[in-house]
There are 2 protein chains.
Amino acid sequence: MPDAIPALKSHQPGKDILAETPAYDLIELFFFAYRDFVSDPDRILDEYGFGRAHHRVLHFVGRNPGLTIAELLDILRITKQSLNRVLKELIDKDFIESRMGTADRRQRLLFATEQGRELALKLAKLQTRRIMRALSDMEPEAKDLVSRYLLRLIDPDSSAHVKHLVFGSEET
Amino acid sequence: MPDAIPALKSHQPGKDILAETPAYDLIELFFFAYRDFVSDPDRILDEYGFGRAHHRVLHFVGRNPGLTIAELLDILRITKQSLNRVLKELIDKDFIESRMGTADRRQRLLFATEQGRELALKLAKLQTRRIMRALSDMEPEAKDLVSRYLLRLIDPDSSAHVKHLVFGSEET
DNA sequence: AATGATATGTCAGCCTTGTTGACATATCTC
DNA sequence: GAGATATGTCAACAAGGCTGACATATCATT
């Protein structure tokens, strides 16, 4: 096991302390970092009358052209009713386009429009800037290591799926 | 199939391009990792009739005994009305105790009760288990590197404050 | 061709957790 | 005593989750 956590506060005596000492630092840093990370897009989304939910949908559709509703639900892990609310707005405002499936005409294949791709890219660049600022002046292996850490943080059940989605072949 | 990532490939090695290529992998991994990371506590909080908002309050009060309302608001960056809603429930259910300030009697100093500390610890251990599983078999320097990465992801404005809160002297 | 399964859409209502604005109270500081 | 400060509270609203029920179109199977 890697280095133990620096002793943060003295606990009541008795329990097996070392193995169970909470990693307060990584827990809290994760909270603060994620909060700031999503705050960048928020400001821009506001101008369009969109929220974080719209961002997620737009992002994954942009990244996976032809995504079906079912696949999107599986990625976001929300109900179809929740998805539909924001998806409808994205379609109405012409950021996403929904086409009938060719093989299976029950399906709806989702595509980002030109406008949609532009917004998605703008938001991704914002977040990338923050990531690059963090990585700059760090060890060259930092990016790969962080990537591996985050992947291992994910539920083992879904990690293969995520790996495919993030790194895998461009197909869905 | 249209490619959603116009600027990603097949470009001359211009400096601008490189700097602007979205780090889709780290962006998406961050999303999935954070989602699973907070899902562990969710299940337990449910049994108590609490939500994520309660968790955050309980966590930071537990970690910083004697925290004032103003300091807690500064950490969470929510309105006092939002805070009060969940804080009241935590106090009513005897997970947090509010004492009048000694130096300044207008202040309320917050403390986790025995029950509160137990729950906070239980949740922190859950998340720690996930973190340790991720770190196991990784390079020994992984923990430190991830910690530095997350800290650098935070807004420069607040990073000193966060650093103090996470690593700093136990006092508030 | 009929039937059941599947993919999606939609209505209605509820919950949590964020927001703003207004106002009340106690206490501190000058 | 006056004004600033720390907190509490009421009311209303919004975003984005949820459940349950039901509708429609299409596919797959018999």
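Letters go in sequence order (proteins before strands), and every chain restarts at 1.
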* To do: Please name all residues satisfying side chain to side chain donor-acceptor pair (under 3.5 Å) with A:Arg56, sequence neighbours left out, ordered by chain then number.
  => none
* To do: List in chain and number order the residues that pass side chain to side chain donor-acceptor pair (under 3.5 Å) with B:Ser82, two or more places apart in sequence or in another chain; answer none if no residue qualifies.
  => B:Thr79
* **For A:Arg130, all residues meeting salt bridge (Lys or Arg N to Asp or Glu O under 4.0 Å), sequence neighbours excluded** => A:Asp40, B:Asp155
Using a cutoff of under 3.5 Å, can you pull out all pairs of nitrogen or oxygen atoms linking the protein to nucleotides 5-8 of chain C, with atom names and distances?
residue: C:dT6; atom: O4'; partner: A:Arg106; partner atom: NH1; Å: 3.4
residue: C:dT6; atom: O2; partner: A:Arg106; partner atom: NH1; Å: 2.8
residue: C:dT8; atom: OP1; partner: A:Ile69; partner atom: N; Å: 3.4
residue: C:dT8; atom: OP1; partner: A:Arg108; partner atom: N; Å: 3.4
residue: C:dT8; atom: OP2; partner: A:Ala70; partner atom: N; Å: 2.9
residue: C:dT8; atom: O4; partner: A:Lys80; partner atom: NZ; Å: 3.4

* Would you mind reading off the distance between A:Ile78 atom CD1 and D:dT19 atom C1', rounded to a whole angstrom? => 15 Å
* Asked: Where each residue is assigned the nucleotide of DNA chain D containing its nearest heavy atom, which of A:Ala103 and A:Gly49 is assigned the position nearer the 5′ end?
  -> A:Gly49
* Qualifying ring-ring contact (aromatic ring centres under 6.0 Å, His included) pairs, either residue in residues 114-157 of chain B, two or more places apart -> none
* Measure the distance from CZ on A:Arg35 to C1' on C:dT17 and round it to the nearest whole Å. => 15 Å
* To do: Assess the pair B:Phe37 and A:Tyr34: is the distance between their ring centroids shorter than 6.0 Å?
  => no
* **Below 4.0 Å: OP1/OP2 of D:dC18 and any side-chain N or O of A:Thr79** => yes
* Asked: Phosphate oxygens OP1/OP2 of D:dG16: is one of them under 4.0 Å from a side-chain N or O of A:Ser82?
  -> no
* **Spacing of B:Arg105 atom CZ relative to C:dT29 atom P, expressed in whole Å** => 12 Å
* Asked: Can you name the residues that form a side chain to side chain donor-acceptor pair (under 3.5 Å) with A:Arg106, not counting sequence neighbours?
  -> A:Asp104
* To do: For B:Leu76 and C:dT16, give me the distance from atom CG to atom P, rounded to whole Å.
  => 19 Å
* Asked: Linking Ile, Leu, Val, Met, Phe, Trp and Tyr by side-chain heavy atoms under 4.5 Å, what else ends up with B:Phe111?
  -> B:Leu109
* Asked: What is the distance, rounded to the nearest whole Å, between atom CG of A:Asp42 and atom P of D:dA15?
  -> 13 Å
* To do: Identify, with sequence neighbours excluded, every residue that meets side chain to side chain donor-acceptor pair (under 3.5 Å) alongside A:Glu89.
  => A:His54
* Please report, rounded to the nearest Å, how far the C1' atom of D:dG17 is from the CG atom of A:Leu87. => 16 Å
* To do: Return yes if the base of C:dG21 and the side-chain atoms of B:Gln81 contain a donor-acceptor N/O pair under 3.5 Å, otherwise no.
  => yes
* To do: Strictly below 4.0 Å, heavy-atom distances to any atom of DNA chain C: list the hits from residues 50-61 of chain B, or just say none.
  => B:Gly51, B:Arg52, B:Ala53, B:His54, B:Arg56
* Asked: Any luck finding a side-chain donor-acceptor pair between B:Arg133 and B:Thr128 under 3.5 Å?
  -> no
